[in-house]
**Student:** 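Mind looking over this structure? Questions follow.
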Amino acid sequence: MILDTLLINCGQLLTMDYATDLVKGEQMNELPFIENGAIGWKNGVIQYIGTTEEAETIERLNTIDCEGKLVTPGLVDPHTHLVFGGSREHEIAMKQQGVPYLEILKQGGGIHSTVQATRDTTFEDLLNKANFHLNRLISYGVTALEAKSGYGLEKETELKQLRVVKELQSSRNVPIASTFLGAHAVPRNTNPDVFLSEMESMFAMLKEEDLASFVDIFCEEGVFTIEQSRSYLTKAKEAGFSVKIHADEIVSLGGTELAIELEAASADHLIAASDQAVEWFGRSETVAVLLPGTTFYLNKESYAKARDIINYGGAVALATDFNPGSSPTENIQFIMNLAMLKLKMTCEEIWNAVTVNAAKAIGMEGIAGRLQVGRRADVIIWNAPNYQYVPYHYGVNHTNTVFINGKEAAKGGAYLE
Ligand code: IZC
Ligand code: ZN
């Protein structure tokens, strides 16, 4: 077989080639890599992984000399609110005056502001906007992701958002997991239980039309209670969905315990998770998806207890939480910097958290987050001499070349149209 492309002289080639789909506890601090590695593919599928020396005789059309640079799998972003209308810079002054996130929401701003903008935006404009942000995520190294609805809070607009995601799934060559977050906020002057039953009534149709794989809920003070979340997600599971929870982001309600009890695919945020919940991750397959960009942007002092979750044997993943309110950034590398600085994660843990564990959190363990023969050639060459360098040097884009399905998708930090 003649390969299309062979990368040689990869200073460190991270493969994430573990025996399991999920890396937990102490194992998160391992990071197997091939020194002076080589990786090659044909028709977008990886055909060779090994050393440069052994690759010498492989027939190929194109050779790229990586000159000692770091080469890794494409990154996986397991928590984004990719599809939305408008933006929220008009709330900057309130934010600077210290008006809390939940207070802005209570006053009809925050999520409600984006809901109005999303209702007012056409399908085509939402799609164009989502494509723009997706291209930027890719330029930072993301080659697989999750995208949530949740800015409709009514059937029609929730469907519009999910159909944008479905269009992206078929028109773009990046795997996207679709999550129904109809339960993102209670529409103003609406009874929450009546609202939740309206959202539940969409489950069967979403399943039938394959519009979502996951159902998520914002379990938070002033939004949805533990009891409402348990009942809603139990019905979602009965309808055949995997579930996720925005858990203990601001107030400690016990959403993290609920996620573990329900065997959720992930529990996300966890800044205010109880000590008990943190301990439970050790005995659970539920992935702790941590979003330090949100803590940073909400200007909070204390971050999620990543160290404790890992020390108790749990699995951590990292995500941008890209959204117009609490985390307006597509820069997943900045999230890796924050994980180093604020979550005190080791560089090894950080790389596992944005690849193998992130893929597992969105049901993509079979296709994303690892480099293996037979898998998609979603590969990044980094302007970095080693894997520690990316979490270390902050605020800039280190990608040299992002390959999606074996094709150059971004170069020098810019998406290639
Ligand atoms: O638009 O504020 N936390 N949902 C829950 C968000 C943040 C997104 C937003
Ligand atoms: Zn979120």
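Both counts, for ligands and for their atoms, begin at 1 and track the order of listing. Excluded from the calculations below are hydrogen atoms, water molecules and symmetry mates; all remaining heavy atoms, backbone and side chain alike, are included. Starting from 1, each residue takes its place in the sequence as its number. As the structure is a computational prediction, the values presented were derived from the model and not from experiment.
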**Student:** So, H269 and the Zn ion (ligand 2): N/O/S under 2.8 Å, yes or no?
**Tutor:**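 Coordinating: no.
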**Student:** For the Zn ion (ligand 2), find the closest N/O/S atom belonging to D321 and write down its atom name.
**Tutor:**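 Considering only N, O and S atoms, D321 comes nearest to the Zn ion (ligand 2) through OD1.
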**Student:** Using 4.0 Å as the upper bound for N to carboxylate O, is an ion pair formed by K300 and E249?
**Tutor:**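 Salt bridge flag = no for K300 with E249.
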**Student:** Does the ring center of Y312 lie less than 6.0 Å from the ring center of F281?
**Tutor:**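 No.
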**Student:** Salt bridge or not between K148 and D321? Use side-chain N to carboxylate O under 4.0 Å.
**Tutor:**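 Between D321 and K148 there is no salt bridge, as every charged N stays at least 4.0 Å from the carboxylate O atoms.
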**Student:** Charged N to carboxylate O below 4.0 Å: is that the case for K166 and E209?
**Tutor:** no
**Student:** Verify whether one side chain among H246 and H184 offers a donor that lies under 3.5 Å from an acceptor in the other.
**Tutor:** no
**Student:** What's the NE2-the Zn ion (ligand 2)-NE2 angle here (H246, H81), rounded to 10 degrees?
**Tutor:** 110°
**Student:** Can you name the residues that come within less than 4.0 Å of ligand 1, going by heavy atoms only?
**Tutor:** R88, Y101, I111, Y151, H184, F218, H246, E249, N323, S326
**Student:** Going by side chain to side chain donor-acceptor pair (under 3.5 Å), name the pairs with one or both residues in residues 331-344, residues two or more places apart or in two chains.
**Tutor:** Q333-N397
**Student:** Quick check: are there more than 12 heavy atoms from other residues, nucleotides or ligands sitting under 6.0 Å from CD of E221?
**Tutor:**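 Not buried by this count: 12 neighbours or fewer within 6.0 Å.
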